[in-house]
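What follows is a single structure, written as structure tokens, with notes after it.
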Amino acid sequence: MTLTKCSVTTDVIGSIGTTVQERGMTTQEFKDAFDQMPEGIKTYLNDTLTVEIDKRSLNAKTDNYTVVADDLNETITMTGTKTVTLPLITTTGFGAGFRCRISNVGTGTVTVAATSTDTIAGAASVSLAPKKSIEVVADAAGVWAVLGFDFTELISTHTGKAVSRNTGGTRDISVAGTQTIALPFRAKNIRINVEINGTQKASWGSCDADLNQSCMMMLPPGNISGSGSSAILLNDGAGNQVTGTITAIDDTSITITWAKTGSPTGTAVLFINATTH
Amino acid sequence: MNIVAINQSTNKVFESQSYQETDEKEAITAAITADAESSGIEVEISEMTDEEFQAAISG
């Protein structure tokens, strides 16, 4: 996108002539005319230029796209398994120093391809996995350099402070279905202790961010068993059993899917410790 | 404090969750309400102290 040029008249004094009086102007009229130039520049810097920079928006594409000169310093967002073509660096409007960002905001794979003998990161093209972004910069030798941003790697390797939340809840285990536990963050590890209220029939389990989960169940007086596929396993000792599987983790909650065998009754009392970092 | 959903058919606690901050109430209430709807159960949502809640699930 090209910014609007400043169109202020800069020859005010020259237009007026040798003296104000020769132009038949009053002193005030001269001051007003003279002030037009700085006022115009001020308006351009404070209003026109600022607004045009602020309003630079994403260039959203859902089909194959060829980068144009107006994409200079812009961000092109791509949705779908599509190709973004970079024209020859020698194309008018491009040249050394041209740069733009390309972001794959969809779920497909985006191919960023150079043209003809130009290369990008030493190859004819590069692939962008979902949620990945790159910035390409042209040099004078037909090479597009890539400045990459791997947000997945950034997230997986960061060393931020750990945060935890303890919360409690209950569930009528006679009813199968889903239970949503609200949390103030996306949990990476969940530890969950459940007891059928008023009994010692209990379960201790855990689940990670990839929904790998398991648990150990205690059925008094001394029976212990477990599950490698659910975070909760409860048995009433009469052949009735209930499992609680964590089936979703998002930024605001976890979802427990309750399933039953037989006709379990009672209230499951849950104590949940969720952590992230 | 606890957000508690009472099953209108059985008058027993269907589901509940405790909360620490007042601004968590809305999200918990919405989650429990959605759980009840997905299970086809009509519930009445209320807030209870820990003592009130213990009495409700023990009753």
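Residue numbering restarts at 1 for every chain, and letters A, B, ... go by the order of the sequence lines.
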- With only heavy atoms counted, which part of A/T167 is less than 4.5 Å from chain B, the side chain, the backbone, both or neither?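 For A/T167, backbone and side chain are both near chain B.
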
- Message: Report which part of A/A268 has an atom under 4.5 Å of a heavy atom belonging to chain B: side chain, backbone, both, or neither.
- Response: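 Interface part for A/A268: neither.
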
Going from [atom1] on [X] to [atom2] on [Y], what distance comes out if it is rounded to the nearest 0.5 angstrom?
X	Y	atom1	atom2	answer
A/S253	B/I28	OG	CD1	11.0 Å
A/W258	B/S39	CH2	OG	12.0 Å
B/Q54	A/T170	CD	OG1	9.5 Å
A/T267	B/E15	OG1	CD	11.0 Å
B/I41	A/D172	CD1	CG	7.0 Å
B/D35	A/I256	CG	CD1	9.5 Å

- Task: Can you establish whether the number of heavy atoms outside B/E52 located under 6.0 Å from its atom CD is more than 12?
- Result: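 More than 12 heavy atoms, drawn from other residues, nucleotides or ligands, come within 6.0 Å of this atom.
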
- Message: With a 6.0 Å cut-off (strictly less than), is the heavy-atom count around CG of B/N11, excluding the residue itself, greater than 12?
- Response: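 No, because the 6.0 Å sphere around CG of B/N11 holds 12 heavy atoms or fewer from other groups.
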
- Polar side-chain atom of B/Q20 near backbone of A/N166 as donor-acceptor pair, under 3.5 Å: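 Side chain of B/Q20 to backbone of A/N166, a donor-acceptor pair under 3.5 Å: yes, one is there.
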
- Query: Out of A/T255, A/N197, A/T252, which one racks up the most heavy-atom pairs below 4.5 Å with chain B?
  - Reply: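 Heavy-atom pairs under 4.5 Å are most numerous for A/N197.
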
- Query: For B/I3, is it the side chain, the backbone, both, or neither that has a heavy atom closer than 4.5 Å to a heavy atom of chain A?
  - Reply: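 Neither part.
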
- Message: Less than 4.5 Å to any heavy atom of chain A: does that hold for the side chain of B/Y19, its backbone, both, or neither?
- Response: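 When you check distances to chain A, no heavy atom of B/Y19 falls under 4.5 Å.
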
- Work out which heavy atom in B/S16 is nearest to a heavy atom in A/Q179; give both atom names and the distance.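 Smallest interatomic distance, heavy atoms only, reads O-NE2, 4.0 Å.
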
- Message: The test is side-chain contact (heavy atoms from CB on, under 4.5 Å); show your working for A/T180 and B/I32 and say whether it passes.
- Response: CA-CA 7 Å; A/T180 306; B/I32 291 177; over 6 Å; no

- Against chain A, work out which of B/N7, B/T10, B/V4, B/V13 has the most heavy-atom pairs shorter than 4.5 Å and name it.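 Greatest number of close heavy-atom pairs with chain A: B/V13.
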
- When B/A31, B/A27, B/A5 are compared by non-hydrogen pairs under 4.5 Å with chain A, the top option: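 Heavy-atom pairs under 4.5 Å are most numerous for B/A31.
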
- Below 4.0 angstrom, N of the basic side chain to O of the carboxylate: do B/E21 and A/R165 qualify?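 Not counted as a salt bridge, because no side-chain N and carboxylate O are separated by less than 4.0 Å.
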
